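Values reported hereafter were calculated over all heavy atoms of this structure, with side chains retained and with hydrogens, waters and symmetry mates removed. Here is the naming used below: chain letters follow the sequence lines, and residue numbers restart at 1 for every chain. Computed from a predicted structure; not experimentally measured.
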Amino acid sequence: MRAVEARPVAPVQPVVFAVPPGQLIWRRLKRNRSAMVGAITVGILATIAVFAPWVSPYDPIKNDLANSMVAPGSRFLLGTDNLGRDILSRVIFGSRISLTVGLVVQSTAVTIGTLLGLLAGYYRGPLDDGVSGLTNIMFAFPSFLFALAIMAVLGPSLYNVFIALGVVGWPTICRLVRGEALSLRSKDFVEAARAGGASDLRIMLRHILPNSLGPIIVAATLGVAGAILAEASLSFLGLGAQPPAPSWGSMLSRGRAYIWNAPWLTFFPGLAIFVAILGLNLLGDGLRDVLDPRLRH
Amino acid sequence: MLIYAIRRLILAVPVFVGITLITFVLMYLVPGDATLIFVDPQLATIQPEVVKAIRKKWGLDDPLYVQYGRFLWNVARGDLGFSYRTNQDVRKAVLERLPATAKLALAAVAISTTIGVGTGVFSAVHRGSFVDTAGMVVALFGISMPVFWLGLMLMWFVGVKFPVLPPSGYGQGELNYLVLPSVTLGLALTASIARMTRSAMLDVISMDYVRTARAKGVNEPDVISRHALRNALIPVVTIIGVQMGNLMAGAVITETVFSWPGIGQLIVDAISQRDLPVVLGCVVFFALIFILVNLLVDLTYGVLDPRIRYG
């Protein structure tokens, strides 16, 4: 009989990063030109939105019929609309509506989607069947049309836009998080945490969620762009923010009637939407390059 | 493959039932008495028996599951109900508008696959060149451009400022009326396809079999078109399926911008008049098309790559 020798157990070496992962990501992000252009664009927009009352030259809502339909010039940089309101001021205040919609809608979508996705992917079984079934049905609806139907039922208003876009927005995140949770739950470090006595909640929040943050951040960034575009589209169809609120989409919709002789009514609000979405798309693409090393070109 | 298609169709049934359920619940959630939408509220207070008669006629007093069962049965038979406003058969209204929308959508898809795949392949082959960079910048602009803004600007520029094309309308169905709307609708899809084609081509071009093909002396156009592109097409077909929903949303908006008499305009008009059966009928119809297109996309995989078997 062989004596069982107690072999010395190698002490567990803590993983030492030469650079903390957060800093590493930041470094890579700084080198990614499109991400930086996007981040700066979004940053400028956010600053404008926050300081709107101080940077806009005129009142965005008060009518001034004596100065209606003035072409862009030195007094009104981007011209005025049919009620004499300064387009620049309205575009500036419009950034508040758009960014609020983007942030509120995406926070709702991310919260619901992450929660359901984590639970479904971690516990599997009937819960997963239910959640996955529901997301499959939601994916079978063309989402914008579903939002349209919800708006038709609830009636036009900005608050209903939040509801409609929140309802159609969560499945994307949910499917993503579910997939991550499904693949992470059987990884060794999760096994180890479980062996160490961690509760399900702790495993989900401290081990699975942080490891799926990358794809969530990318999807959420692109989702903000999607929500802004969807709000603008709904407002363009007259279903979103109601007059006199200076939403970019409704400005375009109102300006349409004057496109023959005053195209600036439609040009500038549309340009604002374009710049906002372009910035967010650039940032999202850049984040994907940095956070998701599987995709590179 | 036929068996696979049938199985997929059967699997689509629960999804479709789910769609009808959600649609039905939405209908049910309408605030207020549904009858008041098509009865003058004043008349309703004077003659409550009118409202009662209507509720009876439409079965609005039946239990919820009975109403849903009836709704589902009707949808299964292709009966989408009647418009609150015009009393027209919703299915008939949708089918009447279908040709215009189909024409617009097919033109947009044709434009975007041709230009998108072309640009993507060219960009990948000439990676890093000026044309590649320019093409990808334009593509990025394309996916960020709101459809309605692009449409209005094209309308203003090509229709009003330099009137070479009719700015809006359907005419008698002449092709020149189709140009602006289909270009407007197709741009975003063109851009997505171009980006996807480029990235898929770059993945494929560095594969061993492409190098082998070159090594054995296949000429470059054949390497690109037969060895590389064919294998890069699967993600491209996928993106077309994924973008189908956006294409439908874009069609609704494009039709509104250009006064194009299709289903999109039908929905928008119905929404402004709160004509719910028409809105929901159109949405159910679009969802059905969406499911079928995605099935078609799945079946295309097998055509593109014979190794994919549908078991």
Can you find a pair of side-chain heavy atoms, one from [X] and one from [Y], that are under 4.5 Å apart?
X      : Y      : answer
B:L185 : B:E255 : no
A:F144 : A:L234 : yes
A:Q106 : A:T221 : no
B:T20  : B:F16  : yes
A:L78  : A:W264 : no

Which region of [X], side chain (C-beta onward) or backbone (N, CA, C, O), has a non-hydrogen atom less than 4.5 Å from a non-hydrogen atom of chain A, or is it both or neither?
X      : value
B:V257 : both
B:F290 : side chain
B:L150 : neither
B:L280 : side chain
B:I267 : side chain

Study note, to complete from the structure: Assert top hit (heavy-atom pairs under 4.5 Å, partner chain A, pool B:I19, B:V160, B:I22) equals B:I19
Practice item. Report the relative orientation of the aromatic rings in A:F146 and A:F141; use parallel for angles under 30°, tilted for 30 to 60°, perpendicular for over 60°. Key: parallel
**Study point:** Polar side chain donor-acceptor pair, A:N136 to A:R175, under 3.5 angstrom
**Key:** yes
Which heavy atom of [X] sits nearest a heavy atom of [Y], and at what distance?
X      : Y      : value
A:C174 : A:V131 : SG-CG1, 3.6 Å
A:L239 : A:V161 : O-CG2, 4.2 Å
A:L165 : A:A230 : CD2-CB, 3.6 Å

Check your understanding: Any ion pair linking B:R198 and B:D132 (charged N to carboxylate O, less than 4.0 Å)?
Key -> yes
Exercise for review: Would you mind checking if A:D128 and A:R124 are paired as a salt bridge, meaning a charged N to carboxylate O distance below 4.0 Å?
Suggested key: no
Review point. Measuring heavy-atom distances to chain B, does A:F236 have an atom under 4.5 Å in its side chain, in its backbone, in both, or in neither?
Key: side chain
Point to revise | Under 4.5 Å from a heavy atom of chain B, the part of A:S143 involved | key: neither
Review point. Do the side chain of B:S123 and the main chain of B:G120 share a donor and acceptor less than 3.5 angstrom apart?
Key: no
**Study point:** For chain B, which residues of residues 252-261 of chain A have heavy atoms nearer than 4.5 angstrom
**Key:** A:L252, A:R256, A:I259, A:W260
Exercise for review: Write out, in numerical order, the residues from residues 34-46 of chain A with a heavy atom short of 4.5 Å from a heavy atom in chain B.
Suggested key: none
